[in-house]
**Student:** 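Take this structure, written in structure tokens, and hold onto it; I'll ask about it next.
Predicted, not measured: the structure shown is a model, and the values here were computed from it.
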Amino acid sequence: MNCDRITELPDSLLTQILSYLPTKDSVKTSVLSKRWEFLWLRVPVLDLKVSNFPEENYASFVDNFLEFNRNSRMRKFKLKYDQYTYDDDRLAGWVVTTVDRGIQYLDANGFETDMCVREFMPQNIYKSNTLVSLVLVTVGIENPEFVVSLPSLKKMHLEDVWYWDDPLVIEKIISGCPVLEDLVLIRAIDFCNLDDLRFLRVRSQTLKSFRLTFEYSMAGTYFSVEIDAPRLEYLNFNDNQSDMIVVKNLNSLSMIDIDTEFSVKFGGSPLEPEDLRKRDIIRDFLTGISCVRHMNISQRTLEVLYRYSKLGPIPKFNNLYRLQAAFSRSMLSFLLVFLESCPNLEYLILDFAVSTEPEQDGLTYVPQCLLSSLKCVEIRELIMGEETGKKLVRYFLENSVVLQKLIMRFKDSSIANQDSYIFKELRTFTKRSRSCEVIIH
């Protein structure tokens, strides 16, 4: 005898199960039986892509769904537009409705219909006792007309958002989020010079993770960023526009991804010896993140730090345990200078980029970490027969006292044979650490 265990479950549990599905899949269950016909309408989640609907049908679908559940709380509202189906005034109204119904997870992904036209979010998003996660993409937000109160908000993601009326709007919003833990700010190119967010201040006593992406602005305006977050554990910093960068109280910082030129290029100062202000900005930034244990650093950031190193010393990263760095042959000697600032480093990953630039001399100096702490070196993107990569491998093998493992990852796929000439040449290299294992991928 067949037994339908799922149908035996109560409606409350079935709607909870359906809430984990996109709404378009939840709707499909209505054909299963009479009992399932309207069950999807009781799910406290609306998760839609407008592109899944023909022409304007999505609007009536959303209206009917919200009307059916008018007396119940909404747990999640997620709506993503595309360029072919966009209504310029309904999204804000739906956001008002869902926030008033005690929404917990709000994800509104709008679309820019014209070069300088997009929909602005309603003011009631600044007053919600229930909102836990707020994701806004390609919309506008205005200066709150009252004190922001989002006592439950833990995650906020703002991407390609226009900030209107007040350059300190982000600071005002964050000040009303007493339990905020995860913040993402992705700033797109402002073709129309309508973004008023000139001074980005992120001040939070609870923030644990912060990602900032700010690549470029058409406006050519002065920008600054300040981060003051004593509980911050992870920072992803990709900002090539801000001329002033200030970090404070990052005593809990454990991991950082850095990809910035500190506005040295693209209209910023050229970092000449007389530019003491830019030198001090870079020095203070490095000092402010010096407690970090894991660091990923881009090639362009290393290039700026190489220029900085001619003006002042690199601060010590005494806690740094793991470093991943992208570099080219022209940066070899500076790589060793940077490693000298990491006296307790144990794990080093190098993303090697072959370039036409001349190779730097100076693979003779041995940083402290090679003599006392470095246990694993991984060199990626190597090319068979490329001499600089070969020199680098030889250098680490001959100078690392406690090295346990050296891993080489080649772009070439034909070197797995243990009898290949690269293995034969490796056997001629002197290993200062006899226990070091050489691994080739």
**Student:** Testing the 3.5 Å rule here: is there a donor-acceptor pair between the side chains of Thr287 and Ser290?
**Tutor:**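 Judged by distance alone, the side chains do not pair up.
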**Student:** Just checking, any donor-acceptor pair under 3.5 angstrom between side chains of Asp100 and Asn124?
**Tutor:**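 Yes.
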**Student:** Check the side chains of Ser242 and Asp239 for a donor-acceptor pair under 3.5 angstrom, ignoring hydrogens and angles.
**Tutor:**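 Yes - a donor-acceptor pair under 3.5 Å links their side chains.
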**Student:** Regarding Glu171 and Ser175, is there a side-chain donor-to-acceptor distance under 3.5 Å anywhere?
**Tutor:**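 Glu171 vs Ser175: no donor-acceptor pair found between side chains.
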**Student:** Could you state the interatomic distance from CG (Leu335) to OG (Ser328), rounded to the nearest 0.5 Å?
**Tutor:**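 Separation between the atoms: 10.5 Å.
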**Student:** Return the CG to CD distance between Leu348 and Glu378, rounded to the nearest 0.5 Å.
**Tutor:**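 So the CG of Leu348 and the CD of Glu378 are separated by 9.5 Å.
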**Student:** Check whether any side-chain heavy atom of Phe77 lies under 4.5 Å from a side-chain heavy atom of Asp107, and answer yes or no.
**Tutor:**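 No, their side chains stay 4.5 Å or more apart.
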**Student:** If we count only N and O atoms by modelled type, under 3.5 Å, do the side chains of Tyr126 and Glu145 hold a donor and an acceptor together?
**Tutor:**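 Note: Tyr126 and Glu145 side chains miss the donor-acceptor criterion.
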**Student:** Is there a donor in the side chain of Asn236 and an acceptor in the side chain of Tyr234, or the other way round, less than 3.5 Å apart?
**Tutor:**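 Note: Asn236 and Tyr234 side chains meet the donor-acceptor criterion.
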**Student:** Return yes if a side-chain donor-acceptor contact under 3.5 Å exists between Asn143 and Tyr163, otherwise no.
**Tutor:**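 No, no side-chain donor-acceptor pair sits under 3.5 Å.
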**Student:** State the CG-CZ distance between Leu136 and Phe120, to the nearest 0.5 angstrom.
**Tutor:**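 Leu136 atom CG to Phe120 atom CZ measures 12.0 Å (nearest 0.5 Å).
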**Student:** If you count every heavy atom of other residues, nucleotides or ligands that lies below 6.0 Å from Lys431 atom NZ, does the total exceed 12?
**Tutor:**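 Result for NZ/Lys431: enclosed.
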